[in-house]
Amino acid sequence: MHISEGVLSGSVLLTGGALAAAGTAVGLKNMDYDRIAQVGILSSAFFVASLIHVNIGPSSVHLILNGIVGLLLGWAAFPAILVALTLQALFFQFGGITALGVNTVNMALPAVVCYYLFSPLIRKKNPMAAAASFAGGFLSVFFAALLLGFSLIFTEQNFWEVSTLVVMANLPVMIIEGIITVFFVAFLKKVHPVMLPGALE
Amino acid sequence: MSRAILNEIDRKFSNFLHNTGNKSMDKPVCTKVISIMMFLIMVIFVLPDNTFAHKVTVFAWVEGDTVYTESKFSGGRKAKNTPIEVMDGQGKKILEGKTDENGKFSFKVPQKSEMKIVLLAGMGHQGEWTILIEEFEEETAEQSEKQTPYKGGAIKPDKIIKTDITSEENTGTSPCITSEDIQNLVEKTLDKKLNPVISKLNKLSDQDHGPGVSDIFGGIGYILGLVGIGAYFNYRNKKKDASQP
């Protein structure tokens, strides 16, 4: 899911960087600093999740967890994911420093979208909440795959081909992340519901 | 399989928290942090067989007039049927091809120049390897020495001496085994023996043992540090607000 150094053209990198900076600014402004520990924990989870590798399909894909990060953090997903991606680029050589902006947007924007779509629903009763959290986990990866295809549009030229390829390769990840998100949300609801968004406390 | 493991972790994890959750209701934040750290640690150590991957690499070396390349993902999976492009020093494309089932690809050298070999693994993945001009020059020097011993103009003096000796020996010794034969033989054997060493060296130089535990905890440490900084400023601002009503 990470785009390597030197793949994208300068204009795409700059656009990605600008969008990521804007998103991060909004995230930092909206972030509830009393819950900064939560942001850090989810950032760590995102940082480590990329090491869990799903060896299905032609390419190498890994967990992303941007769904969980988005559902719980909203706009704060931007800084959380930016930090995690920076550290991944430095420590694991995943992606690259120049592609950081594009990669951040690719993974954080779907997270924010899923926050608006599903976070009101995950506080509802169970069948609805489970379905919403599955959709959150599933769709955040799906949208990220589409955005990846979109960012490669200027280099690989064939949007549909690349996008189908990325979506197919990440299909197992989407399903796994959907299931993880269901468990995670159900577990938080039982143990520590304050952590879920929209809790008035 | 990994899905089953993850579910299992989830189940154990929720049992663990269910048991400890009631006891430490007075310190929910602490429990939260500890339990999620536990989750991360379990994820790292319970799944030792997962391949650390998300990078694609290509290595190349010169042998005679052929360049051999080997490509793989950082988990060790070979990059099969992946397009490869070869550029010259100016970034102009010289030739392109595809890796075989073992992630290998080789080509005859069309011109002796610096080469950049780019593996296009698709979906934004890309690996690079540069062959410096020196690697070709070593090869060509050996070859010209072998084939045209008296074209001494371009060859360094010590090499002329060497070739002189060999040519004298050529005429002097028995016709059964010439020094050229020996040289060829030695070169062939050396190539054969050195091949595994070269590919091993490639593997070593590839920094590809995946991120170590220190990398992982280092990264988490950075994140916790940032959280600490954020919390510090948050509380400091709050204190200021409290003291200036």
Side-chain angles (χ1 to χ4, degrees), chain A residues 1-8 31 33-34 36-41 43-45 47-55 58-62 80 83-84 87-88 90-95 99 148-149 151-152 155-156 162 165-166 169 172 175-176 179-180 183-184 186-187 190-192 194-195, chain B residues 2-3 6-7 10-11 13-14 17-18 21 28-29 31-33 35-37 39-40 43-44 47 50-56 73-75 77 80-81 118 120-128 207 210-211 214-216 218-220 222-228 230-231 233-235 237-238:
Chain A
M1 193 59 79
H2 302 64
I3 296 176
S4 309
E5 203 100 56
V7 174
L8 297 175
M31 193 154 76
Y33 282 87
D34 286 340
I36 193 162
Q38 188 184 348
V39 180
I41 289 161
S43 183
S44 315
F47 171 72
V48 177
S50 295
L51 297 176
I52 301 172
H53 193 240
V54 184
N55 254 339
S59 182
S60 68
V61 288
H62 55 77
V83 167
L87 292 168
Q88 282 178 349
L90 292 176
F91 283 106
F92 308 157
Q93 284 88 44
F94 287 1
L148 178 65
S151 13
L152 291 173
T155 28
E156 307 229 354
V162 177
L165 203 67
V166 179
I175 295 166
I176 292 171
I179 293 166
I180 292 177
F183 275 97
F184 192 77
F187 161 69
K190 215 192 288 171
V191 179
H192 202 74
V194 190
M195 230 177 139
Chain B
S2 49
R3 193 199 301 179
L6 283 167
N7 287 350
D10 242 301
R11 203 173 51 76
F13 181 39
S14 69
L17 264 138
H18 207 69
V29 177
T31 326
K32 189 171 70 187
V33 172
S35 55
I36 287 174
M37 287 308 284
F39 176 66
L40 293 177
V43 162
I44 294 160
L47 300 171
N50 70 50
T51 39
F52 292 127
H54 210 59
K55 207 171 57 166
V56 66
F73 290 104
S74 60
R77 269 171 62 125
K80 295 173 190 165
N81 303 323
V118 183
L120 305 161
M123 296 191 268
H125 299 160
Q126 179 169 314
E128 274 182 25
Q207 321 148 350
S214 57
D215 291 334
I216 296 165
I220 295 173
Y222 270 99
I223 294 171
L224 293 183
L226 287 174
V227 167
F233 281 108
N234 181 32
Y235 291 128
N237 289 345
K238 269 196 177 162

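Numbered from 1 within each chain, the chains take letters A, B, ... in sequence-line order.
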All side chain to side chain donor-acceptor pair (under 3.5 Å) counterparts of A:Ser4, not counting sequence neighbours: none

Residue that, paired with A:Ser44, satisfies side-chain contact (heavy atoms from CB on, under 4.5 Å) out of B:Val227, B:Ile220, B:Ile216: B:Ile220

Under 4.5 Å from any heavy atom of chain B - which part of A:Val39: neither

Nearest heavy atoms of A:Ile36 and B:Gly230, plus distance in Å: CD1-CA, 3.5 Å

For A:Asp34, all residues meeting side chain to side chain donor-acceptor pair (under 3.5 Å), sequence neighbours excluded: B:Asn234, B:Lys238

Side chain, backbone, both or neither of A:Phe47 within contact of chain B (heavy atoms, under 4.5 Å): side chain

A:Leu51 CG to B:Asp215 CG distance, which is reported to the nearest 0.5 Å: 9.0 Å

